[in-house]
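Data block below; observations after.
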Amino acid sequence: MSKILKVSRRTLLSGAAGAATLAVTPRLFSPAIAQNAPLKVGLMLPYTGTFAKLGQFIDNGFELYYQQKGLKLGGREVQFIKVDDESKPEAATDNMNRLVGREKVDVVVGTVHSGVAMAMVKVARDTKTMLIIPNAGANDATGALCAPNVFRTSFSNWQATFPAGKVMFDAGIKNVVTITWRYTAGAEMISGFSENFTKSGGKIVEDLTLPFPEVEFQALITRIATLKPDAVFSFFAGGGAVKFVKDYAAAGLNKTIPLYGAGFLTDGTIAAQGEAANGIKTTLHYADNLDNPANLAFLKAFKAKTGLDGDIYAVQGYDAAALFDIGLTAVGGDAKAQDKMIAAMGAAKIDSPRGPLSFNKAHNPIQNIYLREVRNGRNELVSIAQAAVDDPARGCKMA
Ligand code: PHB
């Protein structure tokens with residue numbers, strides 16, 4: 001059973017009242033006073049498990065933006081309600097219902113895991129709750145299940161890896177073995193890559209998988225050594241990615257079979273991977289050394305706040321706050337004015353640390369996808385793998 005982590009109220013209601021107490025409080029206000037009540041932001045993220053660090057960085061990125069705005073969003077004070085979703089799809093509907101039904105949040109920001117996110121999207125659609133996805137790439141969230149009140153500040157799984165297919169083929173790679181976890185994000189990231197790689201003329205030799213979030217890679221690494229492809233394409237993230245990259249290097253394969261992947265393989269994980277990550281090439285909508293003023297300012301501010309190096313997860317959290325701030329500002333802080341708020345968010349043009357960020361009709365980012373290489377412990381920019389990539393939003397019919 002997941003738990004509500006903490007309720008922070010930086011403004012109103014100092015003291016230690018629990019979340020349940022607060023849930024009834026807004027009904028006591030008259031409408032005029034309710035305008036002054038804090039905005040309720042539900043953060044539903046993994047704070048434990050293999051994606052724990054990813055969730056924490058999204059949280060830190062969101063908070064950084066809100067601090068830069070003087071502890072306000074759209075001019076409103078903010079109360080955060082945080083839920084640890086543990087990256088467990090089976091608990092996701094209950095967790096989301098608690099934020100929406102009991103806590104009556106104005107917006108939910110979450111999550112990392114595609115399976116959890118799909119359950120959140122369904123509740124958001126049914127209840128018309130604003131949802132901003134700051135990571136999970138499930139294609140359907142801005143595809144077949146797209147909705148006016150659902151936005152994503154991250155990527156679709158297709159979008160993160162499709163450009164890699166052509167980049168790798170153009171680099172002379174003809175045969176690839178893929179490897180990932182057996183769940184939505186793994187399947188969709190491999191499929192995006194494979195679509196473009198085979199269309200370019202490449203061949204997938206074998207698709208290897210293991211259940212999420214297992215990390216017993218040895219048998220699969222032995223299989224790769226036997227198959228001897230020109231390269232490996234992979235999707236792992238968080239703690240699992242750290243272990244996979246280390247195991248791959250420990251087997252000596254990093255010297256003979258180049259390892260590629262979605263950029264999550266080495267983002268947020270690179271420090272823990274150490275030398276084992278050197279030379280890995282990935283595609284992602286971010287690189288550590290993007291030399292634009294927004295990125296330089298972001299990395300400096302993130303370091304000052306946390307003592308840590310920012311990464312894509314922190315950027316996605318930061319941009320989720322920026323997007324909601326734009327929407328709320330357009331309605332003078334009145335989160336109930338949903339249509340107008342959604343219109344402003346859909347039209348937003350954000351000067352993101354990742355580069356220019358805008359949104360397609362399905363509310364998925366249109367953004368550059370970069371080719372990066374790990375050099376000296378950093379995900380360094382090699383080139384733009386594909387500029388202004390727009391997810392096809394297959395099956396999306398906006399209501
Ligand atoms: C996902 O499940 O959609 C997912 C998880 C971790 C990542 C990227 C995507 O780093």
Side-chain angles (χ1 to χ4, degrees), residues 44-59 61 85-92 109-121 131-143 145 150-162 164 179-193 209-215 233-245 260-270 272-273 277 280 282-287 310-317 319-320 354 364-365 367 369 372 379 391:
M44 183 165 154
L45 292 166
Y47 291 97
T48 56
T50 201
F51 291 159
K53 180 164 178 260
L54 286 42
Q56 194 57 60
F57 271 58
I58 291 168
D59 179 314
D85 69 36
E86 302 170 83
S87 295
K88 288 193 176 149
E90 63 275 15
V109 178
T111 188
V112 170
H113 182 286
S114 274
V116 176
M118 286 315 297
M120 296 172 74
V121 167
L131 171 63
I132 303 178
I133 303 171
N135 184 74
N139 291 337
D140 278 355
T142 54
L145 287 184
V150 176
F151 282 80
R152 174 147 61 193
T153 57
S154 48
F155 55 90
S156 72
N157 290 324
W158 175 93
Q159 186 180 37
T161 58
F162 181 82
I179 181 165
T180 190
W181 279 311
R182 206 149 53 232
Y183 84 110
T184 310
E188 291 181 348
M189 297 238 195
I190 297 303
S191 151
F193 158 76
T209 60
L210 74 171
F212 175 87
E214 284 184 16
V215 292
F233 186 83
S234 61
F235 163 70
F236 293 107
V242 173
K243 172 119 186 336
F244 177 68
V245 164
Y260 285 74
F264 313 104
L265 189 66
T266 52
D267 233 78
T269 53
I270 200 166
Q273 287 160 339
I280 295 177
T282 60
T283 53
L284 200 70
H285 45 301
Y286 188 60
D311 61 15
I312 188 54
Y313 304 101
V315 169
Q316 291 168 169
D319 288 340
R354 76 187 82 179
N364 193 66
Q367 56 195 343
I369 300 290
R372 312 107 49 83
N379 283 296
D391 181 274

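Ligands are counted one by one from 1 in listed order, and the atoms in each one are counted from 1 as well. Quick caveat: nothing in here was measured; it's all calculated off a predicted structure.
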Ignoring angles and geometry beyond distance, decide whether His113 reaches within less than 3.5 Å of ligand 1 through its nitrogen or oxygen atoms.
-> no
Think Lys53 forms a cation-pi with Phe57, using NZ or CZ under 6.0 Å from the six-ring centre and within 45 degrees of its axis?
-> yes
Atom indices of ligand 1 within 4.0 angstrom of Ala237 heavy atoms, with elements | 6 (C), 7 (C), 10 (O)
Would you sort out whether Phe155 and Arg354 count as a side chain to side chain contact (heavy atoms under 4.5 Å, CB included), showing the intermediate values?
-> CA-CA 12 Å; Phe155 55 90; Arg354 76 187 82 179; over 6 Å; no
List every atom of ligand 1 that sits less than 4.0 Å from any heavy atom of Ala185, numbering the atoms from 1 in the order shown and giving each element.
-> 1 (C), 2 (O), 3 (O)
Here the atoms of ligand 1 under 4.0 Å from any heavy atom belonging to Tyr183 are 1 (C), 2 (O), 4 (C), 5 (C)
Parallel, tilted or perpendicular, as decided by the 30° and 60° cut-offs, for the rings of Phe51 and Tyr183 | tilted
Please report which non-hydrogen protein atom sits nearest to atom 7 (C) of ligand 1, along with the residue it belongs to and the distance in Å to one decimal place.
-> Asn135 ND2, 3.5 Å
Taking the six-membered ring for Trp, are Phe193 and Phe233 parallel (under 30°), tilted (30 to 60°) or perpendicular (over 60°)?
-> parallel
Which protein non-hydrogen atom lies closest to atom 3 (O) of ligand 1, naming both residue and atom, and how far is it?
-> Ser114 OG, 2.6 Å
Glu188: heavy atom below 4.0 Å from ligand 1, yes or no?
-> no
Take every heavy atom of Phe155, measure it against each atom of ligand 1, and state whether any distance is under 4.0 Å.
-> yes
So which protein heavy atom does atom 4 (C) of ligand 1 come closest to, and at what separation?
-> Val112 O, 3.3 Å
Would Ile280 and Leu265 count as a side chain to side chain contact (heavy atoms under 4.5 Å, CB included) if you check the C-alpha gap in whole Å, the side-chain angles of each, and the deciding distance to 0.1 Å?
-> CA-CA 9 Å; Ile280 295 177; Leu265 189 66; 3.9 Å; yes
Should the ring pair Phe235 and Phe264 be called parallel, tilted or perpendicular, given that the plane angle runs from 0 to 90° and is split at 30 and 60?
-> perpendicular
Is there a donor-acceptor pair closer than 3.5 Å between any side-chain N or O of Thr50 and the backbone N or O of Gly240?
-> yes
What protein heavy atom sits nearest atom 10 (O) of ligand 1, and how far away is it?
-> Tyr313 OH, 2.7 Å
